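Presented below is the structure to which this report refers.
Heavy atoms only: backbone and side chains are in, while hydrogens, waters and symmetry mates are out. Residue numbers run from 1 in the order of the sequence given. What you see is a predicted model, and the numbers here were worked out from it, not measured in a lab.
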Amino acid sequence: MQLRLMAGLGVALLVLVGGAYLATRTNAPAPPPVKPAPSSVVASPTAPEAPAAAPRPTPSDVPNQAPEADIPPGLKPLLKGNPAAGEWAERVPDEFSEYGFGPTIEDILDECDLPHEIIDVQCVEPPCMVAWVAPLDADHPTSCPEWSVRFGSRSLTSVKFDVECPDGREVRAELATPQRALLESVADPHAWSGHRMARRATAYTVADWCE
């Protein structure tokens with residue numbers, strides 16, 4: 001409601017009703033203006049708005065899914081169903097987080113002097129996974145003691161397939177994560193489907209694996 005006082009023949013009273021102002025008049029004398037008391041309250045600055053949370057991935061929005069024609073033929077037989085993404089656990093160990101997982105994997109490959117080339121570290125949903133490629137006869141990183149030192153065991157969850165490159169090479173592609181990463185990063189690891197991993201591997205084309 002807004003009140004406006006005017007001297008003269010009367011007083012105009014503006015009353016806000018239902019979003020519209022209604023005007024009435026009265027012959028009562030206008031009261032003397034009241035001087036507002038000084039205020040010692042200092043307005044606090046407006047806090048910045050928190051950024052909106054990113055939407056959780058759903059079965060139909062695997063990140064950067066490659067066109068069907070560019071998906072490696074060796075991966076296609078592994079694509080069964082379209083299981084939903086898992087939810088992040090409330091607390092994720094640093095070595096399995098989006099900030100620590102990549103550097104941890106790089107340290108292991110350096111320590112073990114392995115020929116694996118990291119294509120990508122994928123943490124858009126849990127668990128974080130490393131996409132790497134290696135010659136067909138290369139030792140696997142889980143055979144190196146450093147893997148067990150960092151992750152507690154040689155256990156691994158992965159999807160692995162061979163890729164024929166345009167230049168004639170044949171390489172072994174793999175999207176992998178330690179078993180502990182799955183158990184400690186996903187809110188309900190027992191409900192998580194391994195077929196989700198194959199779907200996540202469709203983010204990469206033959207050219208990605210062969211670069």
Side-chain angles (χ1 to χ4, degrees), residues 51 53-66 71-72 74-134 138-163 171-204 208-209:
R56 291 289 187 181
T58 62
S60 60
D61 67 329
V62 173
N64 304 320
Q65 184 165 355
I71 296 175
L75 173 61
K76 292 179 180 180
L78 305 177
L79 300 174
K80 298 179 180 179
N82 201 9
E87 297 286 337
W88 286 99
E90 289 187 7
R91 296 182 180 181
V92 177
D94 289 343
E95 64 268 32
F96 303 137
S97 72
E98 59 181 317
Y99 305 106
F101 185 69
T104 300
I105 294 296
E106 290 176 352
D107 288 347
I108 292 174
L109 296 182
D110 289 343
E111 179 70 22
C112 300
D113 194 25
L114 292 169
H116 291 64
E117 296 181 17
I118 295 178
I119 303 300
D120 189 24
V121 174
Q122 192 187 104
C123 291
V124 69
E125 62 184 68
C128 283
M129 295 183 178
V130 57
W132 57 31
V133 65
D139 290 334
H140 197 274
T142 55
S143 65
C144 176
E146 187 65 17
W147 183 277
S148 297
V149 169
R150 295 297 187 102
F151 301 134
S153 73
R154 295 179 57 184
S155 298
L156 179 80
T157 300
S158 75
V159 56
K160 183 165 50 177
F161 50 95
D162 295 344
V163 178
V171 296
R172 183 147 295 154
E174 187 173 22
L175 188 65
T177 194
Q179 185 73 10
R180 270 191 57 214
L182 172 62
L183 296 176
E184 299 183 28
S185 300
V186 181
D188 187 1
H190 300 293
W192 187 82
S193 171
H195 293 303
R196 181 68 183 179
M197 180 174 289
R199 283 290 168 189
R200 288 174 64 172
T202 62
Y204 311 106
D208 292 328
W209 296 111

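Using modelled atom types, one finds no donor on one side chain facing an acceptor on the other under 3.5 Å when comparing Glu174 with His116. Side-chain N/O atoms of Thr142 and His140 include a donor and acceptor closer than 3.5 Å.
Counting heavy atoms from C-beta outward, Val163 and Val133 have side chains that stay 4.5 Å or more apart. In this structure, Asp188 and Glu87 have side chains that are not in contact, with every pair of non-hydrogen atoms separated by 4.5 Å or more. Put simply, the side chain of Leu75 does not reach to within 4.5 Å of the side chain of Tyr204, judged on heavy atoms. The shortest side-chain heavy-atom distance between Ile105 and Ile118 falls under the 4.5 Å cut-off.
For Ala176 against Leu156, the heavy-atom pair with the smallest separation is CB-CD1, 3.8 Å. Contact between Pro178 and Trp147 at its shortest, heavy atoms only, is CG-CZ2, 3.9 Å. Considering every non-hydrogen atom in both Pro115 and Ala138, the closest pair reads CG-CB, 3.7 Å. Residues Cys123 and Trp88 approach most closely at O-CZ2, 3.5 Å, considering heavy atoms. Nearest approach of Trp209 to Val171, heavy atoms of both residues: O-CG2, 4.3 Å. Ala198 approaches Leu78 most closely through the heavy-atom pair CB-O, 3.5 Å.
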Practice problem: Could you give me the CA-CA distance, side-chain angles and deciding distance for Thr202 and Leu79, then say whether side-chain contact (heavy atoms from CB on, under 4.5 Å) is met? | Solution: CA-CA 9 Å; Thr202 62; Leu79 300 174; 3.6 Å; yes

Exercise. Run the numbers on Thr104 and Phe151 for side-chain contact (heavy atoms from CB on, under 4.5 Å), then give the verdict.
Key: CA-CA 10 Å; Thr104 300; Phe151 301 134; 3.7 Å; yes

Quiz item: Going through the distances and angles, do Asp107 and Glu111 end up as a side-chain contact (heavy atoms from CB on, under 4.5 Å)?
Solution: CA-CA 6 Å; Asp107 288 347; Glu111 179 70 22; over 6 Å; no

In residues 90-99, what donor-acceptor pairs under 3.5 Å come from side-chain atoms, sequence neighbours left out?
| residue | atom | partner | partner atom | Å |
| --- | --- | --- | --- | --- |
| Glu95 | OE2 | Arg180 | NH2 | 3.3 |
| Ser97 | OG | Asp94 | O | 2.8 |
| Ser97 | OG | Tyr99 | N | 3.3 |
| Ser97 | OG | Gly100 | N | 3.2 |

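With sequence neighbours left out, the ring-ring contact (aromatic ring centres under 6.0 Å, His included) criterion links Phe101 to no other residue.
With rounding to the nearest 0.5 angstrom, the CZ atom of Arg199 is 12.0 Å from the NZ atom of Lys80. Separating the CD1 atom in Ile108 from the SG atom in Cys144 is a distance of 7.5 Å, to the nearest 0.5 Å. In this structure, Ile71 CD1 and Asp208 CG are separated by 11.5 Å, a value rounded to the nearest 0.5 Å.
Using a distance-only test at 3.5 Å, with no hydrogens or angles considered, a donor-acceptor pair links the side chain of Arg196 to the main chain of Pro83. In this structure a side-chain-to-backbone donor-acceptor pair under 3.5 Å is missing from Ser158 to Lys160. Side chain of Thr177 to main chain of Cys128: a donor-acceptor pair is present (N/O by atom type, distance under 3.5 Å, no hydrogens or angles).
Other residues, nucleotides and ligands contribute more than 12 heavy atoms inside 6.0 Å of the NZ atom of Lys76.
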